[in-house]
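Take a look at the structure set out below.
The model shown is predicted, which means the values in this text are computed figures rather than measured ones. Naming convention: chains lettered A, B, ... in sequence-line order (proteins, then strands); numbering from 1 in each chain.
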Protein chains: 2
Amino acid sequence: MKQKSMHSADKEIRINDRKKLTQTKYQKVDNIIRQRLIDNVWKPGDILPSEIQLAAELNVSQGTVRKALNDMVAEHLLFRQQGIGTFVSEHTERRALFLYFSIVGNDGTRILPESTILSCEEKLPSPLEQARLELNDGEMVVRFHRIRYFDNISTIIETICLPLEHFPGFGSEMEPPNNLFRFYQLSYGITIAKAEEHLKAVSASAEEATILNIDEGTPMLEIDRVARMLDGRPVEWRVSHCDTRNYKYISERG
Amino acid sequence: MKQKSMHSADKEIRINDRKKLTQTKYQKVDNIIRQRLIDNVWKPGDILPSEIQLAAELNVSQGTVRKALNDMVAEHLLFRQQGIGTFVSEHTERRALFLYFSIVGNDGTRILPESTILSCEEKLPSPLEQARLELNDGEMVVRFHRIRYFDNISTIIETICLPLEHFPGFGSEMEPPNNLFRFYQLSYGITIAKAEEHLKAVSASAEEATILNIDEGTPMLEIDRVARMLDGRPVEWRVSHCDTRNYKYISERG
DNA sequence: CAGTGGTCTAGACCACGCG
DNA sequence: GCGTGGTCTAGACCACTGG
């Protein structure tokens, strides 16, 4: 009765599709699962129901569920292990290193640098901060600075700005840890899903030069990055200034 | 007779798989098609046989061919148009702009800059050039310099090094055009399939400062890139120095 | 051993582009 | 109308994991 013949079921769904501008079944499945990640129904590290269970629940075939899941695996939102199941991705050290940290040693060595917080304050955003984080008038931000070290040598200065709305009490209870994305996820339920980085070459300011113990005017790589959560809203604006004499930024193309 | 039952055909193939360390059918199909691209059996712009024809030729199902083709579409080697067919990708202006050129205006505008060749010579490679291009001892290179202009304002200085073996007579017959990748493809049958970029911040040398009409020591973004062809061998080493005061390098993450 | 994801097949219908 | 790729289904067997 539920699904007597393929033909009638298809037609029924297609009528819905027209309302939603030709959304396919696997896109619907994708959106349902995505929404459950946004709503924290399934949390990072959780195992999802098997393909067969999902297919039964959503009244589609296993192949349709599979296509939706594989699409999300390609976006790094999920990962799969043959013989075990499908899991929600976590912001582990390894993921931070390979997905969201592009600075490596001149020889290609990948290390996530240690960090020290310099200052932290809650403020009304500057016009630029408000624009980058797409905030409404009057919404507050948390802004802080930190230095990052490779092998105890200070190399990067970061200025990080967060919408206070999503990070209540940030920095007041405890020192934010080195892996911020993991901290956002564990303490605030916010998963970073993608980011766009803008790079320029700039000169070290007098202040930066003092902090990093380098000459004023030394060329530095500026990485200007807005990170977004699962629903696409921006949740972090970070500007990093990096001394690239012993390190480099890497990017694959094609 | 050819394929009487699914079971026996599967077993036969699986024996071959064990020899090749468990290569799947769609991977074999992928490799066959990839090799035909390398061998220029199907050239850029060509339309491939339909999925059904390929499936019949290779003795697999349409779904297996589809998976192989879709994997190659994800690598930008092919593209598909519903109702028409599957095509071999070309290095068009548009592809160069979105896939292999990451410099945009401060407002995000994408333009491919014009170029002027400064000098061009055939030489024995420096040790660094030999290493980057993975050349054997004694193999020659073509090295040339060019300036690139946005709106007639010189902004980028490039040093480009090519293995002479793959580019006989390069630069001697005619001035290489602005879109080099397209030129490599049309004139030498070499398709660039991927590239790795290494970025640093450096200071403008006296020579660069003169050529670009900027101050010596101005911070410049250095883009060090090795481009590889379909079989993975390196065919171009390019170092670009870019004045990023009015432009920026962009990169998507996640 | 049972259960999971991974591969492969066969066949249906749809959306699209073209003649 | 026909052929293309795109979606969807159903069912088979494989490879892997863990009890």
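- In this structure, B:L54 atom CG and D:dG5 atom C1' are separated by 12 Å, rounded to whole Å.
- The CZ atom of B:R34 lies 8.5 Å from the CG atom of B:D71; values are rounded to the nearest 0.5 Å.
- The distance from atom CG of A:L69 to atom P of C:dT7 is 14 Å, rounded to the nearest whole Å.
- Screening B:F101, B:Y149, B:F150 against B:Y247 for a ring-ring contact (aromatic ring centres under 6.0 Å, His included) leaves a single residue, B:F150.
- Here the C1' atom of nucleotide D:dA12 and the CD1 atom of A:I52 are 13 Å apart, to the nearest Å.
- One atom, CD of A:Q62, and another, C1' of C:dG6, lie 10 Å apart when rounded to the nearest Å.
- Between B:N70 and A:G63, the residue anchored closer to the 5' end of DNA chain D is B:N70, taking for each the nucleotide with the nearest heavy atom.
- Residue-level contact check: B:Q82 touches the bases, meaning some heavy atom is under 4.0 Å from a base atom.
- The distance between atom CZ of A:R80 and atom P of D:dA15, rounded to the nearest whole Å, is 18 Å.
- With respect to the salt-bridge test (charged N to carboxylate O, under 4.0 angstrom), the residues B:E51 and B:R80 qualify.
- The side chain of B:T24 places no N or O atom within less than 4.0 Å of a non-bridging phosphate oxygen (OP1 or OP2) of C:dG6.
- A:T86 has a side-chain polar atom (N or O) that falls below the 4.0 Å cut-off from OP1 or OP2 of C:dG5.
- Nucleotide C:dC13 holds its C1' atom 12 Å from the NZ atom of A:K25, rounded to whole Å.
- Backbone-only contact: A:Q81 has heavy atoms under 4.0 Å from sugar-phosphate atoms and none from a base.
- Of the candidate nucleotides D:dG5, C:dT9, D:dT9, D:dT9 has the atom nearest to the side chain of A:S61.
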Check your understanding: Can you list the steps and then say if A:K200 with B:N106 is a side-chain hydrogen bond (donor to acceptor under 3.5 Å, both in side chains)?
Key -> CA-CA 10 Å; A:K200 283 174 173 272; B:N106 279 339; 2.7 Å; yes

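- Closest contact between the side chain of B:Q53 and the listed nucleotides D:dT4, C:dG5, D:dC8 involves D:dT4.
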Practice item. Show your reasoning for whether side-chain hydrogen bond (donor to acceptor under 3.5 Å, both in side chains) applies to A:R238 and A:S240. Key: CA-CA 6 Å; A:R238 184 185 306 203; A:S240 306; 5.2 Å; no

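- At a cut-off of 3.5 angstrom, counting only N and O atoms as typed in the model, there is a donor on one side and an acceptor on the other between the side-chain of A:R66 and the base of C:dT7.
- Of all nucleotides listed (D:dT9, C:dG5, D:dT4), D:dT9 comes nearest to the side chain of A:V60.
- D:dG6 atom C1' lies 17 Å from atom CZ of B:F79, rounded to whole Å.
- If you take CD1 of A:I84 and P of C:dG6, they are 11 Å apart, rounded to a whole angstrom.
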